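Okay, structure first, notes after.
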Amino acid sequence: MATQDFASEVEVTMNPLAQDATAAAKRSGLHSNQIVINGGKPLRGRINVRGAKNLATKAMVAALLADTPSVLRDVPAISDVGVVTGMLEAYGVTVTETGDGELTLDPKNVLKAHFAKIDALAGSSRIPILFCGPLLHRLGEALIPDLGGCRIGDRPIDFHLDALRAFGAVVDKSYEGIRLTAPDGLHGANIDLPYPSVGATEQVLLTAVLAQGVTELKGAAIEPEIMDLIAILQKMGAIINVEPNRVIFIEGVEKLSGYNHRALFDRNEAASWASAALATGGDIFVEGAMQQELMTFLNIFRKVGGAFDIAEDGIRFWHPGGALKPVVIETDVHPGFMTDWQQPLIVALTQAEGRSVVHETVYENRLGFTSALVEMGANIEVFEEGIESVSRRVPRRPLEQAAVIIGPTALHGADVEIPDLRGGFSHLIAALTADGQSTVSNIGIIARGYEHFIDKLESLGADFVYEG
Ligand SMILES: CC(=O)N[C@H]1[C@@H](OP(=O)(O)OP(=O)(O)OC[C@H]2O[C@@H](n3ccc(=O)[nH]c3=O)[C@H](O)[C@@H]2O)O[C@H](CO)[C@@H](O)[C@@H]1O
Ligand SMILES: C=C(OP(=O)(O)O)C(=O)O
């Protein structure tokens with residue numbers, strides 16, 4: 001495939017989609033970085049969720065592997081999509097919005113990027129690391145900016161780099177960001193992940209599909225978003241077998257074509273709105289939510305005392321009245337209880353009668369957001385080294401933390417600053433649940449993963465105003 005080098009070009013111009021969270025916030029109808037909420041009012045109504053942040057962004061990267069355009073439908077208007085658009089455009093992929101939530105991604109003019117274009121995206125998202133394999137296949141070189149994403153732990157990329165080396169890549173970390181080359185091309189490899197990392201599994205998939213020979217991946221993550229990425233790759237011409245016990249075989253093929261795909265719905269957004277319904281004593285129909293991908297969440301939601309009803313076009317979540325019940329949760333890789341669900345749900349647990357425990361086993365620093373809930377009146381204690389419990393389903397991990405939540409506690413308004421995406425949504429729910437007024441700042445972060453959330457809050461009857 002023809003590639004060009006435009007190293008002489010120095011001007012950094014970028015599609016508006018590629019700007020930081022503020023631009024996406026504006027696309028979401030958000031014009032200020034602060035919101036003042038008058039809480040204590042149940043959220044009621046109907047909202048929709050579209051494609052998952054954790055799938056749509058990776059599907060966009062997959063388009064780089066093809067020699068013809070791809071069409072991705074149900075793409076959410078979130079800033080992470082903007083960041084990936086910026087990366088793709090810097091590498092010569094033409095990204096066009098061809099309909100509401102529909103992107104056409106044309107990779108026919110893939111070219112080497114000027115580092116300034118890539119560096120402008122540093123610190124904005126974790127997705128750029130997934131460009132390694134596709135860029136090595138297309139250009140023989142990959143320049144990756146420093147990664148962003150939520151600061152919820154160290155988030156090393158050792159599994160990614162070890163896997164890429166096994167495929168034959170050479171990693172140069174003396175560069176700003178990371179530079180990879182593949183002097184002898186990429187060949188199939190045997191890879192055994194020390195932990196079923198979502199990103200590292202995707203890295204292997206996106207690299208192995210065009211590598212020469214067969215790749216065996218052991219210890220793979222099998223999240224629904226990964227299965228949807230595999231479905232996309234299969235549409236493109238890849239041969240991927242998912243075997244029992246987290247083993248995936250990928251037979252490299254010579255070329256891949258563009259796909260046409262509707263992104264899997266965002267189960268994390270759906271679970272967040274469900275938690276908002278429960279915490280505020282409300283009733284929300286989440287159009288686009290589906291049962292299969294939410295089964296583990298639905299079980300816990302029911303155990304806490306929430307009610308749900310599954311329809312063809314979505315799921316209704318509501319607080320049926322009466323007391324909420326405490327639960328013990330261990331976050332885990334799929335099919336366990338997703339780590340991204342615990343932060344919003346903890347607000348509802350502050351309203352449950354008794355002692356709940358959340359063991360966070362995936363990240364080592366994902367409970368800091370609870371200090372704002374404590375300021376609002378919650379009784380939550382965080383154990384930085386986790387706590388022993390008699391019966392465990394998820395094996396204890398050295399990095400884990402735990403939160404003990406004793407409820408019910410009345411929440412009152414406070415001024416809080418959002419630390420990360422899910423912690424931020426949790427702060428919003430707490431402010432909506434609390435009596436009185438809260439000022440929640442840094443809400444631009446929420447636009448990373450929740451599209452049109454201001455419009456949605458409005459349609460659910462939340463009482464709030466912006467302040468610049
Ligand atoms: C954009 C995206 O899809 N983000 C999701 C993805 O993040 P992400 O893909 O970054 O998460 P991983 O599954 O890779 O991380 C899980 C654990 O593995 C560790 N690890 C990971 C890679 C590595 O090279 N070395 C290493 O030690 C991490 O520090 C963490 O403790 O999966 C997480 C777990 O479901 C979710 O919370 C994130 O929402
Ligand atoms: C941790 C998350 O995202 P990211 O990996 O993009 O930081 C999340 O979506 O909750």
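Not measured: the values here are computed from a predicted model. Every number for a ligand or one of its atoms is a count from 1 in the order of the listing.
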Item to complete: Would you mind running through ligand 1 and noting each atom that sits below 4.0 Å from a heavy atom of Asp340?
Response: 36 (C), 37 (O), 38 (C), 39 (O)
Worksheet item: Given that the side chain starts at C-beta and the backbone is N, CA, C, O, which of these parts of Ile152 lies under 4.0 Å from ligand 2, counting heavy atoms, or is it both or neither?
Response: side chain
Worksheet item: Taking everything shown except Glu385 itself, do over 12 heavy atoms lie less than 6.0 Å from its CD?
Response: no
Fill in: Option nearest atom 29 (O) of ligand 1 (shortest heavy-atom distance, choices Pro156, Gly153, Gly149)
Pro156
Discussion item. Can a side-chain donor-acceptor contact be found between Asn54 and Arg267 if the only test is distance below 3.5 angstrom?
Written reply: no
Discussion item. Using a 4.0 Å cutoff against the non-hydrogen atoms of Arg155, which atoms of ligand 1 qualify?
Written reply: 7 (O), 8 (P), 10 (O), 29 (O)
Fill in: Nitrogen or oxygen of Asp340 less than 3.5 angstrom from that of ligand 2
yes
Practice prompt. Would you mind listing which atoms of ligand 1 come within a distance below 4.0 Å of any non-hydrogen atom of Gly199?
Written response: 9 (O), 14 (O)
Discussion item. Counting only heavy atoms, tell me which of Leu55, Asp158, Ile152 gets closest to atom 25 (N) of ligand 1.
Written reply: Asp158
Worksheet item: For ligand 1, which atoms have a heavy atom of Ile127 less than 4.0 angstrom away?
Response: 1 (C)
Worksheet entry | Element-labelled atoms of ligand 1 that are located less than 4.0 Å from some non-hydrogen atom of His160 | 24 (O)
Worksheet item: Phe131 ring centre to Arg138 NZ or CZ under 6.0 Å, with the angle to the axis within 45°?
Response: no
Fill in: Min N/O separation Phe159 to ligand 1 under 3.5 Å
yes
Item to complete: May I ask which of Met338, Arg422, Arg155, Glu269 has a heavy atom nearer to atom 10 (O) of ligand 2 than the others do?
Response: Arg422
Response to the item:
Counting from 1 in the order shown, the ligand 1 atoms closer than 4.0 Å to a non-hydrogen atom of Arg126 are 10 (O)
Response to the item:
Closest to atom 31 (O) of ligand 1 among protein heavy atoms sits Val362 O, 2.6 Å
Worksheet entry | Interfacing atoms of ligand 1 (cut-off 4.0 Å, heavy-atom, Ile157) | 24 (O)
Worksheet item: Do Glu364 and Gln401 meet the criterion of a side-chain donor-acceptor pair at a distance under 3.5 Å?
Response: no
Fill in: Heavy-atom protein neighbour under 4.0 angstrom from atom 22 (C) of ligand 1
yes
Item to complete: Give the atoms of ligand 1, by number and element, whose distance to some non-hydrogen atom of Lys58 is under 4.0 Å.
Response: 1 (C), 2 (C), 3 (O)
